2 protein chains.
Amino acid sequence: MNFSTAEENYIKTIWRLQQSDSNVTTNELSAELQTKPASVTDMLKRLKEKKILNYEPYYGVKLNNDGKKVALSIVRRHRLWEFFLAEKLGFDWDAVHDIAEELEHVSSTELIDRLDQFLGFPKTDPHGDPIPDSKGRIEAINHFALTQLKEFQTAVVVNVADQDNSFLEMLKQKKIGIGTKLEIKQRFSYDGSVEIKIRNLPLITLSEQLAKNIFVKAV
Amino acid sequence: MNFSTAEENYIKTIWRLQQSDSNVTTNELSAELQTKPASVTDMLKRLKEKKILNYEPYYGVKLNNDGKKVALSIVRRHRLWEFFLAEKLGFDWDAVHDIAEELEHVSSTELIDRLDQFLGFPKTDPHGDPIPDSKGRIEAINHFALTQLKEFQTAVVVNVADQDNSFLEMLKQKKIGIGTKLEIKQRFSYDGSVEIKIRNLPLITLSEQLAKNIFVKAV
DNA sequence: ATTAAATTTTAGGTAAATCTAAAAAATATT
DNA sequence: AATATTTTTTAGATTTACCTAAAATTTAAT
């Protein structure tokens, strides 16, 4: 089946939201897509007719198996283009998202499979998110939020939330990126902030809001 | 100013047609874009309001200077992507057009300028068409149709029409590509066909229709 | 258990880009 | 020059993807 750019944006967003939420609400989608709730309802009805999701009025929405397949192919395109932009064209990691947002809607399968090969079948995009393979298989996530890290345990940043430009700019300024090794020195229960140490750099404090969008793996 | 995909397709097509025609008619556009003449009229009115072309009812249309600039930037995107697809992803030259048709509408200037640099500032696309530079400058065309070539003069193919897939497939089958050296051995006035010799290959006859879409430079 | 608040849907409307059918204008033919 | 033909435009509809305002439903608070 064939999907418009608008439909693809809904599918991709529902997929992302249902990772954590299981049942996605109209308001969540409305906020995420910057459209009015009434427009979301409209689109959900249309996508339901295309049989890629389960939608019951007032009870939220969930992609079915077909929908998940579509979502994974969009995510694959997005992340491969992000990798291309960063690796081959030298874009900063905080600049790739918006351009990939447009490129992802070019839907030739042959294009994407050849791009994948050209890039050497990369496993993750520049934010550390896993890239689904041509069969739609995606690596299970085995990292956790920096807020979850135990004190004095060393970890490496493997993933960061891939949404907000101001967030990514802030990380760049704090010199935190994929592969950065760090350790929690202190944890403030008052506001949930954490004090971390990165090799060679002075101690810095991160707000809970920031820390919970940085994902690490123990080393 | 910003243009929709549909608008960009009109602008690009008007630009191409006005190279030979100067004043482009509604019917020509309708045929080229596979839309009804009534739809063309609608769009021309809208583009006139955006002040990128001169359009008088019943008298055809012509891009003005601003329109030409827009057209050249679309053509630049299209041809750079074609080059990328052929050179980096290994697509056949007859497969690149349709995919580039979609990629060309991703309009980030930074993306295109970085792509240009990554590709080594190529001068022509896989069909031999010149690629406008970042300032919109494009190489003047100094080749001529194969039908124009004098008998027994050697020439090299520098350009082929970039429209029809069946045309490009036929060229591939006849082993004619950019850079192919050839010579006209005989010319048949009855149907305008020409007999040509390509090094190592037996003599072949090309219809006028085919020959007039192959462009050469004397060597 | 009502009432209040928040969420979601319905109803009706708009703009872009297309269409068909009919009218108008330009071009070609006799 | 009058008529026929072709081309182009106008008028009115349709689909997609959005919107606002009002109604319906669910959830929270008293």
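Residue numbering restarts at 1 for every chain, and letters A, B, ... go by the order of the sequence lines. Because the structure is a prediction, the values reported are computed rather than measured.
- Counting only distance, with no hydrogens or angles, the side chain of A/N213 and the backbone of A/V160 share no donor-acceptor pair below 3.5 Å.
- Without hydrogens or angle criteria, B/R114 side chain to A/G90 main chain gives a donor-acceptor distance under 3.5 Å.
- Counting only distance, with no hydrogens or angles, the side chain of B/N159 and the backbone of B/G128 share a donor-acceptor pair below 3.5 Å.
- Rounded to an integer number of Å, the gap from B/H105 NE2 to C/dA16 P is 18 Å.
- Note: CG (B/L47) to P (C/dA16) measures 12 Å, nearest angstrom.
- Going from atom CD of B/E8 over to atom P of C/dA16 covers 16 Å, rounded to whole Å.
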If a protein heavy atom is under 4.0 Å from the base, mark B; if only from the sugar-phosphate, S; if neither, -; do that for nucleotides 7-19 of chain D going 5' to 3'. SBBB-----SBBB
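- Taking all atoms of both residues into account, the shortest heavy-atom contact from A/L171 to A/L210 is CD2-CD1, 4.1 Å.
- The aromatic ring centres of B/F84 and A/F84 sit less than 6.0 Å apart.
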